[in-house]
Amino acid sequence: MVTIRLHNSRTRAKEVFAPIDPQNVRVYVCGPTVYDRAHLGNARPVVVFDTLFRLLRHVYGAGHVTYVRNFTDVDDKINATALARQQAGAAGTLEALIAERTEETIRWYHEDMDALGALRPTHEPRATGYIAEMIAMIAGLIAGGHAYSRDGHVLFRVRSFKDYGRLSGRSVDDMIAGARVEVAPFKEDPMDFVLWKPSDDSLPGWESPWGRGRPGWHIECSAMSLALLGASFDIHGGGIDLQFPHHENEVAQSCCAHPEAEFARVWMHNEMLQVEGKKMSKSLGNFFTVRDLLGQGVPGEVIRFVFLGTHYGRPMDWTAEKAAQAERTLDWLYSTVGDVPLQEEWTPNEKVVQALADNLNTSLAITELIEQAKSVLPKGHPSADGSDEVGALELKRTAALLGLLQSTETEWKATKLGGVDLAPYAARLGALREAAMASKDFAPVDAMKAALVAAGVEVRMSKAGVELLPGPGFDAAKLEGLV
RNA sequence: GGCGGGUUGGCGGAGAGGUUACGCAGCGGAUUGCAAAUCCGUGAAGACCGGUUCGAUUCCGGUACCCGCCUCCA
């Protein structure tokens, strides 16, 4: 059995991972609020925890890991979007418009995350499907003295949980001293947070013991993890920005609702994404979605490769240069695996497994994958005894742990070409070259080659002939008129 | 103001108290119409100041700078 070590944010230490039940390893990751397309930052935890999911499935068996990632479909941003559509003249009730908005956003999310090679989690619960469970948990918290209702609101009594602030390393008193907390008249303590809030007729709402209303943000994850994974489970993941207040509040709610349990044993937080060295934000004009990149012809696998190149615990900088480099590396890796199929029975490279088992060191894992690719196919040419195919199969199986090289080389090239056939261009260039060899006037060949390179095509000429490959930044439009 | 993370060779980015990370780029060579790709070889590092140690880029302390969270942006 492979020993997995994970950095636990709760204890601030790297620990040997020992699941509560090896027959059912349970992971919960905070998913998106479905009000718009996922931006690039949203994709990082998806790729990080997908890789963890793959590792756990490898170690404990594919059928012995339960991975839950929620959709938050109760949120004021969704309401605002729906309201804006209604005011713009869209037909239907507000509720129908909200449903429409969340449905389409979830569909987009699936399309985009699929493109990144992320497996679908075992369960993808929606908050709206667990309102009853949330109400039950809130009622229990009130009964236990951990929450109170005021003016249609229900608030969590932060002072009732002695460990409040432990996960994120803060003290309630310090935070209040920081004076950045909302001071609402109905709060006993400025740090108390909302479990339930009233909805007026213009907002979606559900009947509850405290009147018609809707849940606060944090309670959904507590209710859904309880329903799908139980009061104690193994790993809880999410972005570091969620550590406070979201995760801190989850801990408080869940531990007070089920003091007999331990809630999440291991907390994992991925660091944030930056773009060209700066925080991605709309005001800086460097804000973009996963779909934007895919639409620009950046393959999803390139995005994944770039993400995995930096350890999840460190800030990751997305740059165009990294993307181009990743694409070249993937070109090379695909040229070594070719079109061999993925066969699960092959054993993945032990060094890659060890790298991942050491707190998900994906950067080192990729290095080992590249080393493996070099060693199994040192020349990059077919061997007579078929050892290159065995090597390719092993490499493919190893890459699967990282969610990489899941296509065939042919499919990979086709993705990049977007339906363009380079054969006529290769034929034309080959003909020009043959003519030039005879005439000694290479100007026409060089001109066409330069045009192809400008279009992002990699040009390889050997005695055997001409080979054209789509490279980073391939742009079919620039091929106009070359044949 | 409170809390947390970071600073590695031209760029990206890991591990490890003492032995080549690795990739890209560079340089020399083979090959090529010229290139590309490939192959062979090669230089280059750990913000600053102290401390611990036989020995620190790796441990400890301090300084500087950068970044994140504390504002339902992952």
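In what follows, chains are A, B, ... by sequence order, proteins preceding strands, each numbered from 1. In this text, all values refer to a predicted model and were calculated from it rather than measured experimentally.
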Look at the side-chain N and O atoms of [X] and state whether any lies under 4.0 Å from the OP1 or OP2 oxygen of [N].
{"X": "A/K374", "N": "B/C22", "answer": "no"}
{"X": "A/R328", "N": "B/G23", "answer": "no"}
{"X": "A/K322", "N": "B/G23", "answer": "no"}

Tell me the interatomic distance from [X], atom [atom1], to [N], atom [atom2], rounded to whole angstroms.
{"X": "A/I370", "N": "B/G12", "atom1": "CD1", "atom2": "C1'", "result": "12 Å"}
{"X": "A/Q274", "N": "B/G6", "atom1": "CD", "atom2": "C1'", "result": "10 Å"}
{"X": "A/H311", "N": "B/G12", "atom1": "NE2", "atom2": "P", "result": "19 Å"}
{"X": "A/D317", "N": "B/C24", "atom1": "CG", "atom2": "P", "result": "20 Å"}
{"X": "A/N270", "N": "B/G68", "atom1": "CG", "atom2": "P", "result": "15 Å"}
{"X": "A/E276", "N": "B/C11", "atom1": "CD", "atom2": "P", "result": "15 Å"}
{"X": "A/M316", "N": "B/G68", "atom1": "CE", "atom2": "P", "result": "15 Å"}
{"X": "A/K351", "N": "B/C22", "atom1": "NZ", "atom2": "P", "result": "12 Å"}

- Query: Can a donor-acceptor pair under 3.5 Å be found between the side-chain atoms of A/H39 and the base atoms of B/A74?
  - Reply: yes
- Message: Say we look at B/U20 and B/G41: how far apart would their C1' atoms be, to the nearest angstrom?
- Response: 14 Å
- In whole angstrom, give me the gap between the C1' atoms of B/C39 and B/U31. 9 Å
- Taking the six-membered ring of A/F474, is NZ or CZ of A/K416 closer than 6.0 Å to its centre and within 45° of its axis? no
- Message: Nearest heavy atom decides the nucleotide; on that basis, is A/S168 or A/Y35 closer to the 5' end of RNA chain B?
- Response: A/S168
- Item | 5′-ward residue of the pair A/Y312/A/E371 relative to RNA chain B | A/Y312
- Summarise how protein sits on nucleotides 27-36 of chain B as a single string, 5' to 3': B when a protein heavy atom is under 4.0 Å from the base, S for sugar-phosphate-only contact, - for no contact. -----SBBBB
Name the orientation class of the two ring planes belonging to [X] and [Y] (parallel below 30°, tilted from 30 to 60°, perpendicular beyond 60°).
{"X": "A/Y28", "Y": "A/H236", "result": "tilted"}
{"X": "A/Y334", "Y": "A/W412", "result": "parallel"}
{"X": "A/F53", "Y": "A/Y67", "result": "tilted"}

Please determine if [X] and [Y] form a salt bridge, counting it only when a charged side-chain N lies under 4.0 Å from a carboxylate O.
{"X": "A/R101", "Y": "A/D73", "result": "no"}
{"X": "A/D112", "Y": "A/R291", "result": "yes"}
{"X": "A/K14", "Y": "A/D358", "result": "yes"}
{"X": "A/D76", "Y": "A/R214", "result": "yes"}

Base-pairing assignment for [N] (Watson-Crick or G-U wobble, both under 3.5 Å):
{"N": "B/C24", "value": "B/G10"}
{"N": "B/G17", "value": "none"}
{"N": "B/U38", "value": "B/A30"}

- Quick one: classify the glycosidic conformation of B/G62 as syn or anti, with syn meaning within 90° of 0. anti
Can you list, by residue number, the residues of [range] that have a non-hydrogen atom closer than 4.0 angstrom to RNA chain B?
{"range": "residues 299-306 of chain A", "answer": "none"}
{"range": "residues 360-369 of chain A", "answer": "A/N361, A/S363, A/L364, A/T367"}
{"range": "residues 238-257 of chain A", "answer": "A/G239, A/D241, A/L242, A/F244"}

- Query: Which residues satisfy the side chain to side chain contact (heavy atoms under 4.5 Å, CB included) test with A/A451, sequence neighbours excluded?
  - Reply: A/L482
- residues 359-371 of chain A vs salt bridge (Lys or Arg N to Asp or Glu O under 4.0 Å), sequence neighbours excluded, gives A/E371-A/K374
